[in-house]
Amino acid sequence: MKFENVYFINGTAYAGKSTMVKLLAEKYDGIACEENYQDRLLENLDTKEFPNLTYTRDLQDWGEFVRRTPDEYEAWVNGVTKECTVLEIEILKDLVSRTKKKIFVDTNISVEILHEISDENHVLIMLADPNISVQRFFERPDKEKQFLYQLLLKEDNSEEAMINFRECLKRINSQERYMMFQKSGFNVITRDENRSIDETFALVESMFGLNR
(Lines give C-alpha, C1' and ligand atoms only; values in the text may rest on other atoms or scores of the structure.)
Protein backbone atom coordinates (compact mmCIF):
# COMPACT_ATOMS: atom_id res chain seq x y z
CA MET A 1 0.00 0.00 0.00
CA LYS A 2 1.00 3.63 -0.50
CA PHE A 3 0.59 6.08 2.37
CA GLU A 4 -0.96 9.12 0.69
CA ASN A 5 -1.31 11.51 3.62
CA VAL A 6 1.91 10.62 5.43
CA TYR A 7 5.14 12.63 5.21
CA PHE A 8 8.35 10.85 6.18
CA ILE A 9 11.66 12.36 7.30
CA ASN A 10 14.66 10.05 7.54
CA GLY A 11 18.39 10.70 7.65
CA THR A 12 21.23 11.07 10.11
CA ALA A 13 21.42 12.35 13.68
CA TYR A 14 21.64 16.09 14.43
CA ALA A 15 20.10 17.03 11.09
CA GLY A 16 16.92 18.53 12.58
CA LYS A 17 14.42 15.77 11.81
CA SER A 18 12.61 15.89 15.16
CA THR A 19 12.29 19.67 15.10
CA MET A 20 10.82 19.68 11.59
CA VAL A 21 8.29 16.96 12.39
CA LYS A 22 7.04 18.94 15.40
CA LEU A 23 6.81 22.22 13.46
CA LEU A 24 5.01 20.60 10.53
CA ALA A 25 2.39 19.01 12.79
CA GLU A 26 1.84 22.32 14.58
CA LYS A 27 1.43 24.41 11.42
CA TYR A 28 -0.73 21.95 9.51
CA ASP A 29 -2.79 20.69 12.45
CA GLY A 30 -1.38 17.25 11.80
CA ILE A 31 -0.13 14.34 13.83
CA ALA A 32 3.53 14.12 14.82
CA CYS A 33 5.04 10.64 15.04
CA GLU A 34 8.21 11.65 16.79
CA GLU A 35 11.52 9.81 17.22
CA ASN A 36 11.05 6.21 18.44
CA TYR A 37 7.26 6.54 18.42
CA GLN A 38 7.08 2.77 17.91
CA ASP A 39 8.27 2.34 21.51
CA ARG A 40 4.61 2.51 22.56
CA LEU A 41 4.40 -1.14 21.46
CA LEU A 42 7.61 -2.22 23.17
CA GLU A 43 6.10 -3.64 26.35
CA ASN A 44 4.16 -6.38 24.56
CA LEU A 45 6.73 -7.39 21.93
CA ASP A 46 7.80 -11.02 21.67
CA THR A 47 11.54 -11.51 22.24
CA LYS A 48 11.83 -14.14 19.50
CA GLU A 49 10.11 -11.95 16.91
CA PHE A 50 11.79 -8.69 17.92
CA PRO A 51 15.15 -9.64 19.50
CA ASN A 52 16.82 -6.29 18.81
CA LEU A 53 14.05 -4.02 20.08
CA THR A 54 13.55 -6.13 23.20
CA TYR A 55 17.30 -6.28 23.89
CA THR A 56 17.25 -3.03 25.87
CA ARG A 57 13.83 -3.74 27.37
CA ASP A 58 15.06 -6.96 28.96
CA LEU A 59 18.66 -5.94 29.65
CA GLN A 60 19.80 -6.66 33.20
CA ASP A 61 23.36 -5.31 33.03
CA TRP A 62 23.44 -2.00 31.16
CA GLY A 63 27.22 -2.09 31.21
CA GLU A 64 26.85 -4.82 28.59
CA PHE A 65 25.25 -2.27 26.26
CA VAL A 66 28.27 0.03 26.19
CA ARG A 67 30.83 -2.79 26.14
CA ARG A 68 29.76 -4.18 22.78
CA THR A 69 32.17 -4.13 19.87
CA PRO A 70 31.52 -1.87 16.85
CA ASP A 71 30.51 -4.97 14.85
CA GLU A 72 27.98 -5.99 17.49
CA TYR A 73 26.66 -2.45 17.83
CA GLU A 74 26.22 -2.03 14.07
CA ALA A 75 24.45 -5.38 13.75
CA TRP A 76 22.07 -4.38 16.54
CA VAL A 77 21.28 -1.00 14.95
CA ASN A 78 20.60 -2.65 11.59
CA GLY A 79 18.35 -5.17 13.31
CA VAL A 80 16.47 -2.41 15.12
CA THR A 81 15.84 -0.66 11.79
CA LYS A 82 14.27 -3.80 10.30
CA GLU A 83 12.10 -4.42 13.35
CA CYS A 84 11.05 -0.77 13.62
CA THR A 85 9.89 -0.89 10.01
CA VAL A 86 7.38 -3.60 10.88
CA LEU A 87 6.02 -1.68 13.87
CA GLU A 88 5.96 1.72 12.18
CA ILE A 89 3.93 0.41 9.24
CA GLU A 90 1.52 -1.26 11.67
CA ILE A 91 1.04 2.00 13.61
CA LEU A 92 0.67 4.10 10.45
CA LYS A 93 -1.90 1.76 8.92
CA ASP A 94 -3.98 2.15 12.07
CA LEU A 95 -3.56 5.94 12.10
CA VAL A 96 -4.56 6.52 8.47
CA SER A 97 -7.64 4.37 9.00
CA ARG A 98 -8.78 6.67 11.81
CA THR A 99 -7.89 10.18 10.65
CA LYS A 100 -7.76 12.35 7.57
CA LYS A 101 -5.16 14.62 9.16
CA LYS A 102 -1.67 14.85 7.72
CA ILE A 103 0.81 12.61 9.54
CA PHE A 104 4.45 13.68 9.88
CA VAL A 105 6.92 10.94 10.76
CA ASP A 106 10.47 10.96 12.13
CA THR A 107 11.05 7.53 10.65
CA ASN A 108 13.45 4.65 10.97
CA ILE A 109 12.06 2.90 7.88
CA SER A 110 14.75 2.09 5.34
CA VAL A 111 14.90 4.05 2.07
CA GLU A 112 14.21 0.85 0.12
CA ILE A 113 10.90 0.30 1.91
CA LEU A 114 10.03 4.00 1.74
CA HIS A 115 10.20 3.78 -2.06
CA GLU A 116 7.58 1.03 -1.87
CA ILE A 117 5.13 2.65 0.55
CA SER A 118 5.37 6.35 -0.32
CA ASP A 119 5.56 8.75 -3.23
CA GLU A 120 8.96 10.39 -3.66
CA ASN A 121 7.66 13.87 -2.78
CA HIS A 122 6.38 12.59 0.58
CA VAL A 123 9.84 11.53 1.76
CA LEU A 124 12.65 13.85 2.78
CA ILE A 125 16.20 12.99 3.81
CA MET A 126 17.93 15.30 6.31
CA LEU A 127 21.67 14.93 6.75
CA ALA A 128 24.36 16.24 9.09
CA ASP A 129 28.10 15.72 8.81
CA PRO A 130 28.81 12.19 10.14
CA ASN A 131 31.41 13.56 12.55
CA ILE A 132 28.80 15.68 14.35
CA SER A 133 26.93 12.62 15.58
CA VAL A 134 30.09 11.25 17.15
CA GLN A 135 31.57 14.46 18.53
CA ARG A 136 28.32 15.85 19.95
CA PHE A 137 26.58 12.66 21.05
CA PHE A 138 26.76 13.46 24.76
CA GLU A 139 26.04 17.18 24.41
CA ARG A 140 22.30 16.66 24.26
CA PRO A 141 20.53 16.86 27.63
CA ASP A 142 18.10 13.99 26.97
CA LYS A 143 18.04 11.30 29.64
CA GLU A 144 19.07 8.42 27.37
CA LYS A 145 22.38 9.94 26.30
CA GLN A 146 23.24 11.20 29.77
CA PHE A 147 22.44 7.76 31.19
CA LEU A 148 24.89 6.17 28.73
CA TYR A 149 27.50 8.79 29.55
CA GLN A 150 27.27 7.94 33.26
CA LEU A 151 27.52 4.22 32.46
CA LEU A 152 30.74 4.79 30.57
CA LEU A 153 32.19 6.81 33.44
CA LYS A 154 31.48 3.92 35.81
CA GLU A 155 33.38 1.38 33.72
CA ASP A 156 36.66 0.10 35.25
CA ASN A 157 38.60 1.77 32.44
CA SER A 158 36.29 4.62 31.53
CA GLU A 159 38.67 6.14 28.98
CA GLU A 160 38.95 2.88 27.06
CA ALA A 161 35.19 2.35 27.30
CA MET A 162 34.55 5.83 25.89
CA ILE A 163 36.92 5.21 22.97
CA ASN A 164 35.18 1.91 22.18
CA PHE A 165 31.72 3.49 22.31
CA ARG A 166 32.77 6.32 20.03
CA GLU A 167 34.04 3.71 17.58
CA CYS A 168 30.54 2.18 17.69
CA LEU A 169 29.06 5.59 16.92
CA LYS A 170 31.51 6.10 14.06
CA ARG A 171 30.40 2.79 12.56
CA ILE A 172 26.72 3.72 12.44
CA ASN A 173 27.45 7.28 11.35
CA SER A 174 29.88 6.35 8.61
CA GLN A 175 30.46 8.17 5.34
CA GLU A 176 29.04 5.11 3.58
CA ARG A 177 25.70 5.48 5.37
CA TYR A 178 25.71 9.18 4.65
CA MET A 179 26.20 8.53 0.93
CA MET A 180 23.52 5.85 0.94
CA PHE A 181 21.03 8.49 2.09
CA GLN A 182 22.48 11.07 -0.31
CA LYS A 183 21.91 8.74 -3.26
CA SER A 184 18.53 7.43 -2.11
CA GLY A 185 16.56 9.17 -4.84
CA PHE A 186 14.65 11.34 -2.37
CA ASN A 187 15.00 15.08 -1.77
CA VAL A 188 17.87 15.91 0.59
CA ILE A 189 18.50 18.79 2.97
CA THR A 190 22.00 19.05 4.43
CA ARG A 191 22.55 20.73 7.79
CA ASP A 192 23.86 24.28 7.45
CA GLU A 193 24.85 26.15 10.62
CA ASN A 194 24.23 29.46 8.82
CA ARG A 195 20.61 28.60 8.03
CA SER A 196 17.95 29.40 10.62
CA ILE A 197 15.27 26.96 11.77
CA ASP A 198 12.66 29.04 9.93
CA GLU A 199 14.69 28.89 6.73
CA THR A 200 15.10 25.14 7.05
CA PHE A 201 11.38 24.79 7.72
CA ALA A 202 10.59 26.73 4.54
CA LEU A 203 12.82 24.33 2.59
CA VAL A 204 11.05 21.33 4.11
CA GLU A 205 7.64 22.75 3.24
CA SER A 206 8.75 23.41 -0.32
CA MET A 207 10.16 19.93 -0.83
CA PHE A 208 6.97 18.37 0.51
CA GLY A 209 4.91 20.68 -1.71
CA LEU A 210 2.96 21.93 1.29
CA ASN A 211 3.28 25.64 0.55
CA ARG A 212 1.76 25.51 -2.90
(request) Indicate the atoms forming the closest heavy-atom contact of S174 with P130, along with that distance. (result) O-CG, 4.2 Å
(message) Are the side chains of E199 and D192 in contact, using a 4.5 Å heavy-atom criterion?
(response) no
(message) Between the side chains of E167 and K170, is the shortest nitrogen-to-carboxylate-oxygen separation below 4.0 Å, so that they form an ion pair?
(response) yes
(message) Checking side-chain polar atoms at under 3.5 Å, does Q135 have a donor or acceptor matched by the opposite partner on Y14?
(response) no
(message) I'd like to know whether CD1 of I197 has more than 12 heavy-atom contacts from other residues, nucleotides or ligands below 6.0 angstrom.
(response) no
(message) Within this structure, what is the CZ-CZ distance for the pair F138 and F165, rounded to the nearest 0.5 Å?
(response) 5.0 Å
(request) Without swapping roles, check the side chain of S118 against the backbone of L114 for a donor-acceptor pair under 3.5 Å. (result) no
(request) Using atom types as modelled and distance alone, determine if a side-chain donor or acceptor of S206 lies under 3.5 Å from a backbone N or O of A202. (result) no
(request) Would you please classify the geometry between the F104 ring and the Y28 ring as parallel, tilted or perpendicular, with 30° and 60° separating the classes? (result) tilted
(message) Taking I163 as the starting point, is it possible to reach Y73 by hopping between hydrophobic residues whose side chains are less than 4.5 Å apart?
(response) no
(message) If we ignore hydrogens and angles and just use 3.5 Å, is the side chain of N10 paired with the main-chain N or O of S110 as donor and acceptor?
(response) no
(message) Does this structure show an ion pair linking K2 with E4, if we count only N-O contacts that are shorter than 4.0 Å?
(response) no
(message) Looking at every heavy atom in both R195 and T190, which two are closest together, and how far apart are they?
(response) NH2-O, 2.9 Å
(request) Test side-chain contact (heavy atoms from CB on, under 4.5 Å) on F181 and V188 and set out the steps. (result) CA-CA 8 Å; F181 279 121; V188 175; over 6 Å; no
(message) Quick one: does any side-chain atom of R166 pair with a main-chain N or O of V134 as donor and acceptor, under 3.5 Å?
(response) yes
(message) Go through it in stages, so that I can follow the logic: the residues are I125 and V111, the test is side-chain contact (heavy atoms from CB on, under 4.5 Å), and I'd like the CA-CA distance, side-chain angles, deciding distance and then a yes or no.
(response) CA-CA 9 Å; I125 303 298; V111 294; 4.2 Å; yes
(request) Determine whether L24 and I9 make a side-chain contact, defined as any pair of heavy atoms from C-beta on separated by less than 4.5 Å. (result) yes
(request) Report the distance from atom CG of L92 to atom OG1 of T107, rounding to the nearest 0.5 Å. (result) 7.0 Å
(request) Look at the side chain of D46 and the backbone N and O of E49, then say whether any donor-acceptor pair between them is shorter than 3.5 Å. (result) yes
(message) Is there a side-chain contact between L124 and Y7 in this structure, where contact means two heavy atoms from C-beta onward sitting under 4.5 Å apart?
(response) no
(request) Identify the heavy atoms of R136 and E193 that sit nearest to each other, and give their distance. (result) NH1-OE2, 3.9 Å
(message) For S184 versus H115, what's the shortest heavy-atom pair and its separation?
(response) O-NE2, 2.7 Å
(message) I need the minimum non-hydrogen distance between L53 and T56, along with the two atoms involved.
(response) O-OG1, 3.7 Å
(request) Might you point out which heavy atoms bring L127 and Q182 nearest each other, and give the distance in Å? (result) CD1-NE2, 3.8 Å
(message) Donor-acceptor check, side chain of K102 to backbone of A25, threshold 3.5 angstrom: yes or no?
(response) no
(message) So V80 and Y55, do their side chains get closer than 4.5 Å, heavy atoms only?
(response) no
(message) Tell me whether the NZ or CZ atom of R68 lies within the 45° cone about the ring axis of F65 and under 6.0 Å from its centre.
(response) yes
(request) Determine, stepwise, if the pair E155 / R67 fulfils side-chain contact (heavy atoms from CB on, under 4.5 Å). (result) CA-CA 9 Å; E155 287 293 293; R67 293 185 202 116; 2.9 Å; yes
(message) If I take atom CD from residue E72 and atom CZ from residue R171, how far apart are they, to the nearest 0.5 angstrom?
(response) 10.5 Å
(request) Identify whether the distance between the nearest side-chain nitrogen and carboxylate oxygen of D29 and K101 falls below 4.0 Å. (result) yes
(message) Do E116 and E112 make a side-chain contact, defined as non-hydrogen atoms from C-beta onward lying under 4.5 Å apart?
(response) no
(message) What's the separation between atom OG1 in T47 and atom CG in D58, rounded to the nearest 0.5 Å?
(response) 4.5 Å
(message) Tell me if a side-chain donor or acceptor on N187 pairs with a main-chain N or O of N121 at a distance below 3.5 Å.
(response) no
(message) With rounding to the nearest 0.5 angstrom, report the CZ to CG distance, R57 to L42.
(response) 6.0 Å
(request) Give a yes or no answer on whether the side chain of S158 reaches the backbone of K154 with a donor-acceptor pair at less than 3.5 Å. (result) no
(message) Measuring only between side-chain heavy atoms, which start at C-beta, is F3 closer than 4.5 Å to K93?
(response) yes
(message) Measuring only between side-chain heavy atoms, which start at C-beta, is I103 closer than 4.5 Å to C33?
(response) yes
(request) Considering only NZ, NE, NH1 and NH2 on the basic side and carboxylate oxygens on the acidic side, decide whether D106 and K22 come within less than 4.0 Å. (result) no
(message) Working to the nearest 0.5 angstrom, can you tell me the gap between N108 CG and F8 CZ?
(response) 12.0 Å
(message) Between I189 and M20, is there a side-chain heavy-atom distance shorter than 4.5 Å?
(response) no
(request) Output yes when a side-chain donor or acceptor of S97 lies under 3.5 Å from a complementary backbone atom of D94, and no otherwise. (result) yes
(request) Go through the steps for T200 and M126 under the test side-chain contact (heavy atoms from CB on, under 4.5 Å), then give the verdict. (result) CA-CA 10 Å; T200 300; M126 297 187 70; 4.0 Å; yes
